[in-house]
Amino acid sequence: MTSKGRVTIREVAERAGVSMATVSRVLSGNHPVPASTRARVLRAARDLDYVANAHARALVGGGRKMVAVVLRQVTSPFYAQVAEGVEAEAAARGWLCLVGTTGGDPGRELEFVQLMREEGARLVILVGGVVEDDAYRERVAHYAQALASAGARLVLCGRPAPDPDIPALVVEFDNEAGARAITGHLLSAGHRRIVFLGGLPGNTALDARVAGYRAALAEHGLGPEAAHVVDCGLGRAAGHRAMTELLKAGGDPGPGDTATADTAPARFTAVFAGDDMVAAGALRAIADAGLRVPQDISVVGYNDIPLAEDFNPPLTTVRTPAEELGRAAVRIALRDPEHAAGAHHLLGTHIVVRDSVQPPPPGIEDGGSTPV
């Protein structure tokens, strides 16, 4: 999208070859217009990327204070908590909140953002880590410019901006610091063979967690070959499947390699799960193999979803401010609308210690036999 200002109703009328009054009647939908004329006007509006002025509509009673939050899925506890935070903050301010899900489909995301432009949403909030490639960068720049031209604002929640110059507000938490801290917790307990379970190359959130994991290993004097990352993605099923394969495999990747399920480190004693749902699957797989957590293998997670303390055993994990992330996205964007665009706000994380970590079994870290 170019940096040109808002497309006007006059330009749409000129493209369609009709009067501005006819364009207004078509777009308002309140007056009868011949079908062929309507189609011509709508095609011109679409070709020009025309969006009705939300502020003008508000003057005639058509506008609403509306926040749209776009999620990958609502079944994930993390996404649900962020959406709950957005809804709570919006409701407290008398705004409406709409929730849309994409299933990770960029096309659906584009359609939802376009719909919210047309409906006059003042804020559009995109939530969660993404694979940040050239197509994503171009798409988000388009969203930000298009929303800004319509008097609205894009908020990136839990994901970085692909370009600091685009007119978008960023509210996220420090994934790398959280991962470094939880890995340090395992290292302090005596673990040296730690698997990261749940990598997804290119995903902004998980890449940061892997970076924190590697940084903690280096800080404790371990070389790059000590890092073993299993790229299985997120979710309970992924965690269960990958952990089952790890326990069966017992191979050892070469120095600096990324592990797969059939090239597991031979004597790992701890698992850092990419999120708590991966940890849930890993816990189940470990129990199915007749092993115990933490007596045989220690497990930690990430996010501290509400069920984490009810796992067996209760899970040591990194608490991310999921609900506050949603609240902050709305609060910061509305508090300082003139300066919010382009701003970056970073929220902290901290470890919640429960019962899923203890020192490795005697003899394991000094070369004894593996518990698996």
Side-chain angles (χ1 to χ4, degrees), residues 175 178-201 203 206-220 222-289 291-302 311 315-318 356-361 364-365 367-372:
N175 272 301
R180 190 166 62 246
I182 197 77
T183 306
H185 179 72
L186 290 171
L187 290 162
S188 295
H191 296 277
R192 294 296 180 270
R193 297 180 176 93
I194 304 167
V195 173
F196 185 97
L197 191 70
L200 187 61
N203 181 280
L206 290 173
D207 279 356
R209 293 174 196 177
V210 170
Y213 158 75
R214 292 183 184 276
L217 296 177
E219 288 167 2
H220 282 72
L222 300 178
E225 70 279 0
H228 302 285
V229 179
V230 178
D231 293 328
C232 66
L234 298 181
R236 183 188 180 281
H240 183 273
R241 181 173 56 253
M243 191 72 226
T244 298
E245 293 173 359
L246 278 173
L247 293 171
K248 289 179 179 177
D252 195 358
D257 282 357
T258 292
T260 60
D262 58 354
T263 59
R267 287 181 290 274
F268 67 92
T269 62
V271 173
F272 174 6
D275 75 0
D276 292 343
M277 294 308 294
V278 172
L283 290 172
R284 180 71 265 166
I286 292 168
D288 289 346
L291 299 171
R292 300 166 299 165
V293 174
Q295 292 88 342
D296 299 311
I297 302 173
S298 291
V299 177
V300 299
Y302 208 101
F311 289 173
L315 186 67
T316 293
T317 184
V318 176
S356 62
V357 175
Q358 72 175 34
I364 297 300
E365 287 296 354
S369 60
T370 174
V372 301

| task | Would you check, one step at a time, whether the test side-chain contact (heavy atoms from CB on, under 4.5 Å) holds for Phe268 with Leu247? | result | CA-CA 10 Å; Phe268 67 92; Leu247 293 171; 3.8 Å; yes
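- Remark: Arg284 engages Arg236, His240, Ala287, Asp288 in a side chain to side chain contact (heavy atoms under 4.5 Å, CB included) (not counting sequence neighbours).
- Qualifying side chain to side chain contact (heavy atoms under 4.5 Å, CB included) partners for Ile182, counting only residues two or more places apart in sequence or in other chains: Phe272, Val300, Thr316, Val318, Ile351.
- Rounding to the nearest 0.5 Å places CG of Leu197 at 10.0 Å from CG of Asp275.
- Taking all atoms of both residues into account, the shortest heavy-atom contact from Ala238 to Gly233 is CB-O, 4.1 Å.
- Counting all heavy atoms, side chain and backbone alike, Ala242 lies closest to Val230 at CB-CG1, 4.3 Å.
- The side chain to side chain contact (heavy atoms under 4.5 Å, CB included) check on Val293 picks up Leu283, Ile286, Val299, Pro313, Ser356, with sequence neighbours excluded.
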| task | Could you walk me through whether Met243 and Val195 pass the side-chain contact (heavy atoms from CB on, under 4.5 Å) test, one step at a time? | result | CA-CA 10 Å; Met243 191 72 226; Val195 173; over 6 Å; no
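- Counting heavy atoms from C-beta on, the side chains of Leu200 and Leu234 never come closer than 4.5 Å.
- Between Asn175 and Ala208 the shortest heavy-atom distance is CB-CB, 3.6 Å.
- With Tyr302 contributing its side chain and Ala279 its backbone, the two residues share no donor-acceptor pair below 3.5 Å.
- Taken to the nearest 0.5 Å, the OG1 atom of Thr269 stands 11.0 Å off from the CG atom of Asp296.
- A search for side chain to side chain contact (heavy atoms under 4.5 Å, CB included) contacts involving Ala216 returns Arg180, Thr183, Leu187, not counting sequence neighbours.
- Partners of Thr317 according to the side chain to side chain donor-acceptor pair (under 3.5 Å) rule, which considers only residues two or more places apart in sequence or in another chain, are Asp276.
- Minimum heavy-atom separation, Val278 to Ala273: CG1-CB, 3.8 Å.
- The distance from the CZ atom of Arg193 to the CG atom of Leu222 is 10.0 Å, given to the nearest 0.5 Å.
- The minimum heavy-atom distance between His220 and Gly184, with the atom names listed, is CE1-CA, 4.2 Å.
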| task | Evaluate the side-chain contact (heavy atoms from CB on, under 4.5 Å) criterion for residues Phe196 and Arg214: first the C-alpha distance (whole Å), next the side-chain angles of each, then the deciding distance (0.1 Å), finally the verdict. | result | CA-CA 9 Å; Phe196 185 97; Arg214 292 183 184 276; over 6 Å; no
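- Closest approach of Leu206 to Gly198, counting heavy atoms only: CD1-O, 3.3 Å.
- Distance CD/Gln358 to CZ/Arg292: 8.0 Å, rounded to 0.5 Å.
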